[in-house]
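Input: a single structure, listed below in structure tokens.
The analysis underlying the following values was restricted to heavy atoms, covering all of them including side chains, and did not include hydrogens, waters or symmetry mates. Chain identifiers are assigned alphabetically (A, B, ...) following the order of the sequence lines, protein sequences preceding nucleic acid strands; residue numbering begins at 1 within each chain.
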Amino acid sequence: MMQPASEQFRIIADGAAEILPEEELIAKLERSVRERRPLVVKLGCDPSRPDLHLGHAVVLHKLRQFQELGHEAVLIIGDFTATIGDPSGRSHTRPQLSLEETRQNARTYVEQATKVLLPERLQIRFNSEWLETITLRQLITLTAQCTVAQMLEREDFARRYAQGEPIGLHEFLYPLAQALDSVAIRADIELGGTDQRFNLLMGRHIQRFSGQEPQCLVLMPLLEGTDGTEKMSKSAGNYIALTDPPEEMFGKLMSIPDSLIVRYFRLAAFASEEEARQLEEELRRGHCHPRDAKAMVASRIVAFYHGEEAARWAAEEFDRVFKYHQLPSNIPEIVLPSTELPVVELLVQAGLVSSRSEARRHIQQGAVRIDGERIQDWTARIGLERERIVAVGKRRVARIRHG
RNA sequence: GGGCAGGUACCGAAGUGGACAAACGGGGCAGACUGUAAAUCUGCUGGCGGGACGCCUUCGGAGGUUCGAAUCCUCCCCUGCCCA
């Protein structure tokens with residue numbers, strides 16, 4: 001049985017940055033309840049980069065809420081654009097992929113996305129299905145629906161244009177292609193990050209042109225990365241992947257700046273507005289230590305992806321390594337053929353450093369410890385007649401033995 | 001098609017014949033400190049070499065001038081702006 005529209009709206013709006021237009025969404029929800037017809041909720045994804053992170057999870061979680069409300073979630077895999085790639089050659093964000101690669105990536109994507117989504121209530125569509133066969137005639141009719149000035153309104157186009165950075169003509173076509181996805185599945189609602197506003201609005205525009213009722217937009221805030229400034233992205237290297245192992249996920253979460261604790265609680269740990277307000281208040285009054293708050297948020301996020309048990313273990317492990325400066329409990333074992341060799345060689349062969357120069361630098365800076373003892377002399381030779389525990393900094397540790 | 005301005009390391013950006021493996025900033029890594037992989041301070045940040053020095057590779061690409069080129073010349077490729 002469907003929940004009343006007003007209650008549904010409350011859930012949908014919770015945590016959303018923006019809903020456009022609100023009245024239309026309410027009207028759609030009311031009609032949906034009245035006619036017992038679920039709404040089609042669209043989320044597009046780019047299969048050229050199948051590594052999902054906590055930033056993606058913000059939107060995925062919103063889609064999941066729609067699933068729980070009984071609506072129809074449609075995941076659009078943008079395989080068409082992925083197989084075309086980005087011919088400008090300057091952007092590495094859209095490498096050209098073969099059809100098989102795209103399919104493989106899509107599988108990986110769905111696998112990761114269903115850590116958040118309910119797999120049994122998920123429809124998956126590939127947009128090559130309807131984009132592949134478009135004719136030039138159709139394309140021209142479509143492009144006539146939008147002026148250059150309108151295109152240049154998009155924030156990043158405007159910025160790049162103003163700064164004299166190149167904009168490929170094909171880039172203008174991507175928002176239109178995305179809009180056609182909405183037409184193809186007759187989307188009632190499209191989800192995205194706030195950076196997708198322009199593209200999703202284009203969906204409304206083109207749907208109207210195609211004689212359809214325009215979709216509503218539910219825009220989610222963009223989660224900052226672990227550096228605390230830029231939005232989380234793979235290219236910025238400030239991301240926490242959904243597939244990161246528990247201890248790594250926990251560690252990365254502990255490294256976020258204090259100012260982001262509540263935001264992560266809300267967006268990444270999916271805490272309710274009420275919970276978030278409470279935590280904020282406790283932090284403000286000093287009733288809760290920022291470190292403890294962060295550990296709590298981290299545990300909750302790790303638990304969501306890996307379970308309670310793993311979260312507890314990751315928290316303990318973190319204290320062990322960083323609070324009590326002990327060795328991690330899981331140290332990878334590496335077997336080398338030699339019984340004795342220079343430290344520099346040892347570090348390189350064990351894969352703990354990428355070059356001999358780097359090895360020397362680390363040794364000189366006192367970052368290298370063998371069996372807990374700091375090595376300062378880079379000409380030293382190390383015997384492997386027994387197992388050695390070799391550490392480069394706190395995070396690169398290996399058990400090395402001869403074999 | 002013409003004119004002008006550009007292309008430098010992971011990114012941004014100096015450098016216009018030797019002192020340049022290339023300033024500076026960001027990022028990254030490490031050390032100290034700490035509640036943390038936060039903040040702060042310090043160091044490192046092309047590779048190779050038993051090494052405060054030497055060698056090799058690098059400044060859009062290919063040639064050339066020179067004892068010596070990121071820097072000068074020729075051709076080519078790429079980007080932006082203006083004109084057509």
Side-chain angles (χ1 to χ4, degrees), chain A residues 86-93 152 157-169 171 224-241 244-264 282-283 286-299 301-302 314-328 340-348 351-369 374-382 390-397:
Chain A
D86 188 345
S88 73
R90 278 181 66 115
S91 170
H92 299 267
T93 56
L152 285 174
F157 285 155
R159 202 205 73 246
R160 284 160 65 192
Y161 190 65
Q163 296 193 349
E165 283 171 35
I167 300 172
L169 200 49
E171 295 185 67
E224 290 81 357
T226 51
D227 59 350
T229 47
E230 287 193 64
K231 75 167 184 178
M232 185 174 287
S233 75
K234 196 184 175 192
S235 51
N238 60 0
Y239 70 106
I240 299 173
D244 275 345
E247 71 278 11
E248 198 170 324
M249 202 179 244
F250 193 92
K252 284 182 180 178
L253 285 164
M254 289 303 281
S255 81
I256 64 170
D258 290 357
S259 56
L260 248 48
I261 295 174
V262 176
R263 199 163 163 80
Y264 267 63
E282 281 178 32
L283 281 168
H287 288 180
C288 177
H289 197 294
R291 200 214 97 95
D292 297 336
K294 212 188 278 185
M296 182 276 287
V297 172
S299 294
I301 295 169
V302 174
E316 284 166 14
E317 185 73 5
F318 185 83
D319 282 349
R320 175 157 48 237
V321 177
F322 297 105
K323 203 167 170 181
Y324 305 116
H325 305 286
Q326 292 170 4
L327 287 168
E340 194 223 34
L341 73 177
V343 221
V344 170
E345 195 58 37
L346 179 75
L347 296 181
V348 172
L352 293 169
V353 294
S354 60
S355 73
R356 310 171 68 81
S357 301
E358 191 190 335
R360 279 191 211 98
R361 277 185 234 117
H362 278 120
I363 294 165
Q364 277 178 304
Q365 296 192 82
V368 175
R369 283 167 190 274
R374 183 166 291 176
I375 303 292
Q376 300 271 35
D377 175 15
W378 60 80
T379 65
R381 297 182 71 87
I382 306 299
V390 180
V392 180
K394 291 186 186 65
R395 300 167 62 194
R396 275 175 270 174
V397 188

Which nucleotide, in any strand shown, forms a Watson-Crick or G-U wobble pair with B:A52, with both distances under 3.5 Å? none
Test of understanding: with side chain to side chain contact (heavy atoms under 4.5 Å, CB included), list the residues that count as partners of A:Ser255, not counting sequence neighbours. A:Thr226
Okay, side chain of A:Lys394, backbone of A:His325: is any donor-acceptor separation there less than 3.5 Å? no
Partner nucleotide, any strand, of B:U42 [Watson-Crick/G-U, under 3.5 Å]: B:A30
Return the polar atom pairs (N/O with N/O) between nucleotides 36-42 of chain B and the protein under 3.5 Å, or none.
| from | atom 1 | to | atom 2 | distance (Å) |
| --- | --- | --- | --- | --- |
| B:U36 | O2 | A:Met254 | O | 2.2 |
| B:U36 | O2 | A:Lys294 | NZ | 3.2 |
| B:U36 | N3 | A:Lys294 | NZ | 3.0 |
| B:U36 | O4 | A:Asp258 | OD1 | 3.3 |
| B:A37 | N1 | A:Arg395 | NE | 3.4 |
| B:A37 | N1 | A:Arg395 | NH2 | 2.8 |
| B:A37 | N3 | A:Arg395 | NH1 | 3.3 |

Taking pairing as Watson-Crick or G-U wobble with both contacts under 3.5 Å, can you name the mate of B:U57, or confirm there isn't one? none
Do A:Asp258 and A:Lys294 have side chains that approach each other closer than 4.5 Å (heavy atoms only, starting at C-beta)? yes
Measure the distance from CD on A:Gln376 to P on B:A32 and round it to the nearest whole Å. 10 Å
Verdict with reasoning, A:Arg381 to A:Glu345, per salt bridge (charged side-chain N to carboxylate O under 4.0 Å, His left out): CA-CA 9 Å; A:Arg381 297 182 71 87; A:Glu345 195 58 37; over 6 Å; no
Side-chain N or O of A:Arg361 versus OP1/OP2 of B:G47: is the shortest distance under 4.0 Å? yes
Round to the nearest Å and state the distance from A:Arg160 atom CZ to B:G12 atom P. 14 Å
With C1' as the reference atom in both, quote the distance from B:C75 to B:A23 in angstrom, rounded to an integer. 32 Å
Under 3.5 Å: donor-acceptor pair, side chain of A:Gln163, backbone of A:Arg160: no
How far, in whole Å, is B:U36 from B:G43 if one measures between their P atoms? 24 Å
Taking any heavy-atom pair under 4.0 Å as a contact, classify A:Ser357: base, sugar-phosphate, or nothing. base
Rounded distance in Å between the P positions of B:G27 and B:G17: 34 Å
Between B:C59 and B:G46, how far apart are the P atoms? Round to whole Å, please. 16 Å
When the distance from CD of A:Glu358 to C1' of B:G28 is rounded to whole Å, what number comes out? 10 Å
Over how many whole Å does the gap from A:Glu165 atom CD to B:G6 atom P extend? 18 Å
Assigned partner base of B:G80, Watson-Crick or wobble definition, under 3.5 Å: B:C4
Say we look at B:A21 and B:C44: how far apart would their C1' atoms be, to the nearest angstrom? 15 Å
For A:Arg360, give me all partners under salt bridge (Lys or Arg N to Asp or Glu O under 4.0 Å), at least two apart in sequence or on another chain. none
Between A:Gly164 and A:Arg356, which is nearer to the 5' end of RNA chain B once each is assigned its nearest nucleotide? A:Arg356
Complementary nucleotide of B:U74, counting Watson-Crick and G-U pairs under 3.5 Å: B:A62
Can you tell me, in whole Å, how much space there is between the P of B:A37 and that of B:G28? 15 Å
Using a cut-off of less than 4.0 Å, is there contact between a side-chain N or O of A:Arg374 and OP1 or OP2 of B:A32? yes
Reference residue A:Asn238; test side chain to side chain contact (heavy atoms under 4.5 Å, CB included); the match among A:Lys231, A:Glu230, A:Lys252: A:Glu230
Under the criterion side-chain contact (heavy atoms from CB on, under 4.5 Å), I'd like the reasoning laid out for A:Phe322 against A:Arg395: C-alpha separation, chi angles, the key distance, then a yes or no. CA-CA 10 Å; A:Phe322 297 105; A:Arg395 300 167 62 194; 4.1 Å; yes
Taking B:A30, B:C81, B:C48 as options, the one with an atom nearest any side-chain atom of A:Ala367 is B:A30
Heavy-atom donor-acceptor pair, A:Gln365 side-chain to B:G31 base, under 3.5 Å: no
Round to the nearest Å and state the distance from A:Met232 atom CE to B:G27 atom P. 17 Å
Would you classify A:His289 as touching base, sugar-phosphate or nothing, given that sugar-phosphate means primed atoms plus P, OP1 and OP2, and contacts are heavy atoms under 4.0 Å? base
Between the side chains of A:Arg320 and A:Glu317, is the shortest nitrogen-to-carboxylate-oxygen separation below 4.0 Å, so that they form an ion pair? yes
Once you round it to whole Å, what is the distance between C1' of B:C10 and CD of A:Glu230? 13 Å
Between B:A70 and B:U16, how far apart are the P atoms? Round to whole Å, please. 13 Å
Rounded to whole angstrom, note down the P distance from B:A19 over to B:C72. 16 Å
Would you indicate what A:Arg396 reaches in the nucleic acid, counting non-hydrogen atoms under 4.0 angstrom: base, sugar-phosphate, or nothing? sugar-phosphate
Are any of A:Arg360's side-chain N or O atoms less than 4.0 Å away from OP1 or OP2 of B:G49? yes
Rounded to the nearest Å, what distance is computed from the CD1 atom of residue A:Ile375 to the C1' atom of nucleotide B:A30? 16 Å
